[in-house]
Amino acid sequence: MVRLVLVLGDQLSPTLSALREADRSRDVVVMAEVADEASYVPHHPKKIAFLFAAMRKFAARLRGDGWTVAYTRLDDPENAGSIPGELLRRAEEHGAQEIIATEPGEWRLISALEEMPIPVHQFGDDRFLASHADFEAWAEGRKSLRMEYFYREMRRRTGLLMEGDKPAGGKWNFDHENRKPAPGGVDFSGPMSFAPDETVEEVLDLVARRFCNNFGRLRPFDFATDEGQARRQLAHWLKGGLAKFGDYQDAMLTDEPYLYHGLISFYMNAGLLDPMEVCRKVEQAWRDGDAPINAAEGFIRQIIGWREYMRGIYFLQGPGYTSRNALRHDRKLPWMYWGGETAMNCVGTTVANTRDHAYAHHIQRLMITGNFALIAQVDPAEVHEWYLAVYADAYEWVEAPNVIGMSQFADGGIVGSKPYVSSGSYIDRMSDYCKGCAYDVKAKTGEGACPFNLLYWHFLDRHRDRFEPNPRMAQMYRTWDRMEEGKRRTVLAEAEAFLGRMDRGEPV
Ligand SMILES: Cc1cc2nc3c(=O)[nH]c(=O)nc-3n(C[C@H](O)[C@H](O)[C@H](O)COP(=O)(O)OP(=O)(O)OC[C@H]3O[C@@H](n4cnc5c(N)ncnc54)[C@H](O)[C@@H]3O)c2cc1C
Ligand code: SF4
């Protein structure tokens, strides 16, 4: 009896567990561009184009490898509009009574498959190092789930950067070397540019027609859309970017949206690159003397540490995680996140990068747009939806713990031991944004005072009961308390006035 093999848009790996379980001489692979997936949040047009183009190319590759593929394009008149709908339609067409799938990276789709009237066997997604059971076993009985300890276990398990049972270079973590401020210039050319071929052009036309009102620029479009191109991007970055990745990982520059970052999350998350292979190549570059240990360790930690840990948290916490709101923030996401006018150069630049590239690097996401949303006390569900929509690497398993947990502290401290908040001085130290800003980063109050300076204290003051007992935050409260009372009152009043203007839709 024929079975259907579901391959989702972020499962474009030839070694996918569902494909391994299937029989290519008999079973039918189902791939579908469906309206439900393309529009449950207003995805960036580049994200939709990347996934549709990569899906079409992967389907062609599977056919070349001897698979029968039932592929549905978005505009096909019979398109049922949803993954379950397409599975039912294809099951009827092929007389299939069983479906094989690799577990999706989102609770919403997992439940949709569980509720199908035809049995769906969901196999674990073993493109990740840690299975759900591994992560649960690690988390069991721990008072706090700090990433660092999980990461060490992953180092031991993979043998990456290990010398016997000791970490290479004598330390597990070289992060203190990785916080250098913005360099004067960047000697890496940034990501490779792949000219759209016929398949990509066809998809770009479709996306331009169907998603023209979504936030984000579709063209120029130069993403890699198959494994070969993604590997070329990786090789290009290993040669030109890795060596300084660690040093300038946290830096931000107006004219350098990429600095030394890898730009490979899109490809790893969709299945075009294998994370372990990426890590092995990074380790080899270090062993060959082409990259210092702080760069190699810093990068490998992001992947076998943070990336795996975030996924573990998402699945451990269950479907309700995205609606957590521990700090009870309820402000609407300001219009400037969707491209509305702002005089804040740091926010304006990060949003413009996001609009143009469906990308912003980690510190822009955490310390500019994330930090601002947190200290402006925006509803974390709105922040979550924005991040899920605007970044080409955003899937709930990785986006939600980064946003709800790390960035908005909405999970009450599962991911982070304290909120990532800062005044303008951190942004000034790590970037060149403040030089070109209408606000004055040195001004704490009064006309033109940097809004981060006002909102930072306003946030800490509102949440004093929760955060003052945290030893890592006690110093912040001591500084606040040392301020003269009149000045404290002015800061709070000006913060309220700023938020009032923002809530009324005035450009801020
Ligand atoms: C608020 C917020 C939201 C984020 N949303 C996403 C998201 O939707 N999808 C996503 O893949 N990453 C997300 N990240 C993590 C990180 O910002 C991106 O992985 C990174 O910017 C991707 O660009 P890059 O490939 O150039 O990364 P590099 O800076 O070159 O880092 C290398 C790789 O490490 C991994 N990585 C680094 N940090 C993290 C992290 N915190 N969590 C998971 N993986 C990490 C990524 O796979 C990345 O490709 C988010 C971070 C924050 C603070
Ligand atoms: S002065 Fe404040 S608002 Fe302007 S760029 Fe600097 S931190 Fe951002």
Side-chain angles (χ1 to χ4, degrees), residues 10 47 105 147 190-191 233-234 237 241-242 245-246 248-250 252 254 257-270 273 275 278-279 282 295 298-311 313-314 342-350 357 359-374 383-384 386-408 415-416 420 422-443 448-456 508:
D10 59 350
K47 179 182 185 185
M147 194 287 294
Q233 162 59 23
L234 172 65
W237 171 78
L242 170 63
F245 167 81
Y248 300 117
Q249 198 179 334
D250 287 4
M252 297 171 279
T254 309
Y258 308 118
L259 284 116
Y260 294 95
H261 292 277
L263 273 102
I264 53 166
S265 52
F266 319 135
Y267 310 133
M268 280 192 297
N269 294 355
L273 285 179
V278 171
C279 290
V282 169
F299 191 83
I300 286 173
R301 175 156 30 89
Q302 307 303 317
I303 297 192
I304 65 169
W306 281 112
R307 186 171 185 271
E308 292 282 336
Y309 167 85
M310 288 303 190
R311 178 172 183 268
I313 294 286
Y314 177 74
T342 175
M344 289 186 281
N345 194 30
C346 53
V347 176
T349 304
T350 302
H357 310 298
Y359 177 82
H361 67 69
H362 186 74
I363 294 301
Q364 291 177 302
R365 297 188 206 195
L366 186 63
M367 297 310 292
I368 306 292
T369 40
N371 182 12
F372 184 83
L374 178 56
V383 186
H384 155 64
W386 183 78
Y387 277 92
L388 190 58
V390 301
Y391 292 113
D393 57 18
Y395 304 88
E396 207 172 271
W397 64 266
V398 56
E399 174 277 333
N402 269 297
V403 173
I404 296 290
M406 183 190 265
S407 159
Q408 299 301 297
V415 169
Y420 282 94
S422 83
S423 65
S425 59
Y426 172 84
I427 297 169
D428 193 28
R429 189 166 69 250
M430 298 309 293
S431 78
D432 64 355
Y433 296 149
C434 300
K435 287 192 200 94
C437 186
Y439 291 105
D440 178 359
V441 71
K442 300 273 186 289
C450 167
F452 281 82
N453 293 344
L454 302 169
L455 298 180
Y456 171 74
V508 287

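Every number for a ligand or one of its atoms is a count from 1 in the order of the listing. Residue numbers run from 1 in the order of the sequence given.
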Does [X] reach ligand 1, in the sense of a heavy atom lying below 4.0 Å from it?
{"X": "W237", "result": "no"}
{"X": "Y391", "result": "no"}
{"X": "P275", "result": "no"}
{"X": "Y359", "result": "yes"}

Within a distance under 4.0 Å of any heavy atom of [X], pick out the atoms of ligand 1 and give their elements.
{"X": "V403", "value": "1 (C), 3 (C)"}
{"X": "R307", "value": "43 (C), 44 (N), 47 (O)"}
{"X": "A360", "value": "21 (O)"}
{"X": "L366", "value": "53 (C)"}
{"X": "G262", "value": "26 (O), 30 (O)"}
{"X": "M310", "value": "42 (N)"}

Would you indicate whether the side-chain heavy atoms of [Y] and [X] approach each other to under 4.5 Å?
{"X": "Y433", "Y": "T350", "result": "yes"}
{"X": "F452", "Y": "Y426", "result": "no"}
{"X": "I304", "Y": "C279", "result": "yes"}

Pick, from [options], the option with the minimum heavy-atom distance to [atom].
{"atom": "atom 6 (Fe) of ligand 2", "options": "A438, C434, A443, P451", "value": "C434"}
{"atom": "atom 8 (Fe) of ligand 2", "options": "A449, C346, G436, S431", "value": "C346"}
{"atom": "atom 38 (N) of ligand 1", "options": "Q302, E399, E396", "value": "Q302"}

Starting from [atom], locate the nearest protein heavy atom and write down its residue, its atom name and how far away it is, to 0.1 Å.
{"atom": "atom 2 (Fe) of ligand 2", "answer": "C450 SG, 2.4 Å"}
{"atom": "atom 22 (C) of ligand 1", "answer": "S265 OG, 3.1 Å"}
{"atom": "atom 12 (N) of ligand 1", "answer": "V398 CG2, 3.8 Å"}

Measure the acute angle between the ring planes of [X] and [Y], then classify it against the limits of 30° and 60° as parallel, tilted or perpendicular.
{"X": "F245", "Y": "H261", "result": "perpendicular"}
{"X": "Y387", "Y": "Y391", "result": "tilted"}
{"X": "F299", "Y": "W237", "result": "tilted"}

Original post:
For ligand 1, is there an N or O atom under 3.5 Å from any N or O atom of Y387?
Top reply: no

Heavy-atom distances under 4.0 Å are what count here, so tell me which part of [X] touches ligand 1: side chain, backbone, both or neither.
{"X": "S407", "result": "side chain"}
{"X": "F299", "result": "side chain"}
{"X": "T369", "result": "neither"}
{"X": "M268", "result": "side chain"}

**OP:** Please check if the side chain of N345 supplies one atom and the backbone of K435 the other of a donor-acceptor pair under 3.5 Å.
**Re:** no

Original post:
Is there an N/O/S atom in C437 at a distance below 2.8 Å from atom 4 (Fe) of ligand 2?
Top reply: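 Within the cut-off used here (under 2.8 Å), C437 does place an N, O or S atom near atom 4 (Fe) of ligand 2.
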
Working to the nearest 0.5 Å, report the span between [atom1] of [X] and [atom2] of [Y].
{"X": "N453", "Y": "K442", "atom1": "CG", "atom2": "NZ", "result": "9.5 Å"}
{"X": "M310", "Y": "N402", "atom1": "CE", "atom2": "CG", "result": "4.0 Å"}
{"X": "L455", "Y": "S423", "atom1": "CG", "atom2": "OG", "result": "11.0 Å"}

**OP:** Begin from the C-alpha positions of N269 and S265 and carry the test side-chain hydrogen bond (donor to acceptor under 3.5 Å, both in side chains) through to its verdict.
**Re:** CA-CA 6 Å; N269 294 355; S265 52; 5.1 Å; no

Original post:
Is there a protein heavy atom less than 4.0 Å away from atom 36 (N) of ligand 1?
Top reply: yes

Original post:
Hey, are R365 and D393 close enough for a salt bridge, meaning a charged N less than 4.0 Å from a carboxylate O?
Top reply: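 The answer is yes: the pair qualifies as a salt bridge.
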
